[in-house]
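Index from 1, following the sequence. The model shown is predicted, which means the values in this text are computed figures rather than measured ones.
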Amino acid sequence: KTTRCWDVYPDALDFLNYCREKGFPVVAISNFDERLPSLLSKLSLSKYFASILTLANKPNTKCFEKALKHSNCPPRQSCHIGDSVEEDCSPALSLGMKSVLINRRESREKVIHRLKESGIDANNVIIVTSLSELKT
């Protein structure tokens, strides 16, 4: 019911505006519960999303397939941005999507090691520390 416990990263709003200006459909895929749409609305973020999918049961690829349908984009023209190697990178790559791993806390070397441990070639994942790095 409140947004007191939630912060929006400074780069997030700028990146969502960038996506809107470019005409990129953005779909949220989250393991969070059904309160997410309301929370995003209270944070003035819901207007940036074509769809918000909650209780996604990631890394199950069904939620990613549903997001692709909501965005009306084929996998090869889609990009999934997430913060989890197992729950985000792996399923996105398995469907042929581009995968971006946002890493705000660990060293790049640790992230590459985690990718390798998960059987993912780090060359297939774009690793960023800020969403601003994706605005090209």
**Student:** Could you grab the distance from atom CG of L36 to atom OG of S41, nearest 0.5 Å is fine?
**Tutor:** 11.0 Å

**Student:** Would a single hydrophobic cluster contain both Y18 and V128, if residues Ile, Leu, Val, Met, Phe, Trp and Tyr are joined by side-chain heavy-atom contacts under 4.5 Å?
**Tutor:** yes

**Student:** Checking side-chain polar atoms at under 3.5 Å, does H113 have a donor or acceptor matched by the opposite partner on E109?
**Tutor:** no

**Student:** L55 and D33: which non-hydrogen atoms are nearest, and at how many Å?
**Tutor:** CD2-CA, 3.6 Å

**Student:** Would you say the side chain of C73 lies within less than 4.5 Å of the side chain of P25, judging by non-hydrogen atoms?
**Tutor:** yes

**Student:** So, taking the atom named CG in L95 and the one named OG1 in T61, what distance separates them when rounded to the nearest 0.5 Å?
**Tutor:** 5.0 Å

**Student:** Got a second to check how far E133's CD is from D11's CG, nearest 0.5 Å?
**Tutor:** 9.0 Å

**Student:** Can you find a pair of side-chain heavy atoms, one from S99 and one from D88, that are under 4.5 Å apart?
**Tutor:** no

**Student:** Mind checking whether L45 and L39 sit in one hydrophobic cluster, side chains of I, L, V, M, F, W, Y counted as touching below 4.5 Å?
**Tutor:** yes

**Student:** Taking the side chain as every heavy atom from C-beta outward, state whether K58 and I29 have any atom pair closer than 4.5 Å.
**Tutor:** yes

**Student:** Check the pair K62 / N57 against side chain to side chain contact (heavy atoms under 4.5 Å, CB included), numbers first and verdict last.
**Tutor:** CA-CA 9 Å; K62 289 192 186 310; N57 196 27; over 6 Å; no

**Student:** Can you give me the closest heavy-atom contact between L53 and C63, atom names plus distance?
**Tutor:** CD1-O, 3.7 Å

**Student:** Please examine the side chains of M97 and L68, heavy atoms only from C-beta on, and report whether any two atoms are closer than 4.5 Å.
**Tutor:** yes

**Student:** For C79 and V100, work out which heavy atoms get closest and say how close.
**Tutor:** SG-CG2, 3.4 Å

**Student:** With S51 as reference, evaluate K66, H70, K69 under the side chain to side chain donor-acceptor pair (under 3.5 Å) test and give the passing residue.
**Tutor:** H70

**Student:** A side-chain contact here means heavy atoms from C-beta on lying under 4.5 Å apart; do I126 and K98 qualify?
**Tutor:** no

**Student:** Checking R104 against Y9 for the side chain to side chain contact (heavy atoms under 4.5 Å, CB included) test, could you report, in this order, the C-alpha distance in whole Å, the side-chain angles of both residues, the deciding distance, and whether it holds?
**Tutor:** CA-CA 10 Å; R104 299 185 190 269; Y9 283 103; 3.3 Å; yes

**Student:** Nearest heavy-atom pair of V26 and C19: which atoms, and what distance?
**Tutor:** CG2-CB, 3.8 Å

**Student:** Within a strict 4.5 Å, meaning less than it, do heavy atoms of the D14 and L131 side chains meet?
**Tutor:** no

**Student:** I81, Y48: one ILVMFWY side-chain cluster at the under-4.5 Å cut-off?
**Tutor:** no

**Student:** Same cluster or not: I120 versus L101, using hydrophobic residues (I, L, V, M, F, W, Y) connected whenever any side-chain heavy atoms lie under 4.5 Å apart?
**Tutor:** yes

**Student:** Roughly how far, to the nearest 0.5 Å, is OG1 of T129 from CD1 of I102?
**Tutor:** 7.5 Å

**Student:** Sub-3.5 Å donor-acceptor pair from the side chain of S107 to the main-chain atoms of K110, do we have one?
**Tutor:** yes

**Student:** Treating Ile, Leu, Val, Met, Phe, Trp and Tyr as nodes and any side-chain heavy-atom pair under 4.5 angstrom as an edge, say whether V27 and F24 lie in one connected cluster.
**Tutor:** no

**Student:** State, yes or no, whether a side-chain contact exists between I127 and L115 at a heavy-atom distance under 4.5 Å.
**Tutor:** yes

**Student:** Under 3.5 Å, is there a donor-acceptor pair between the side chain of S118 and the main chain of R114?
**Tutor:** yes

**Student:** Should we say atom NZ of K116 is surrounded by more than 12 heavy atoms from elsewhere, each under 6.0 Å from it?
**Tutor:** no

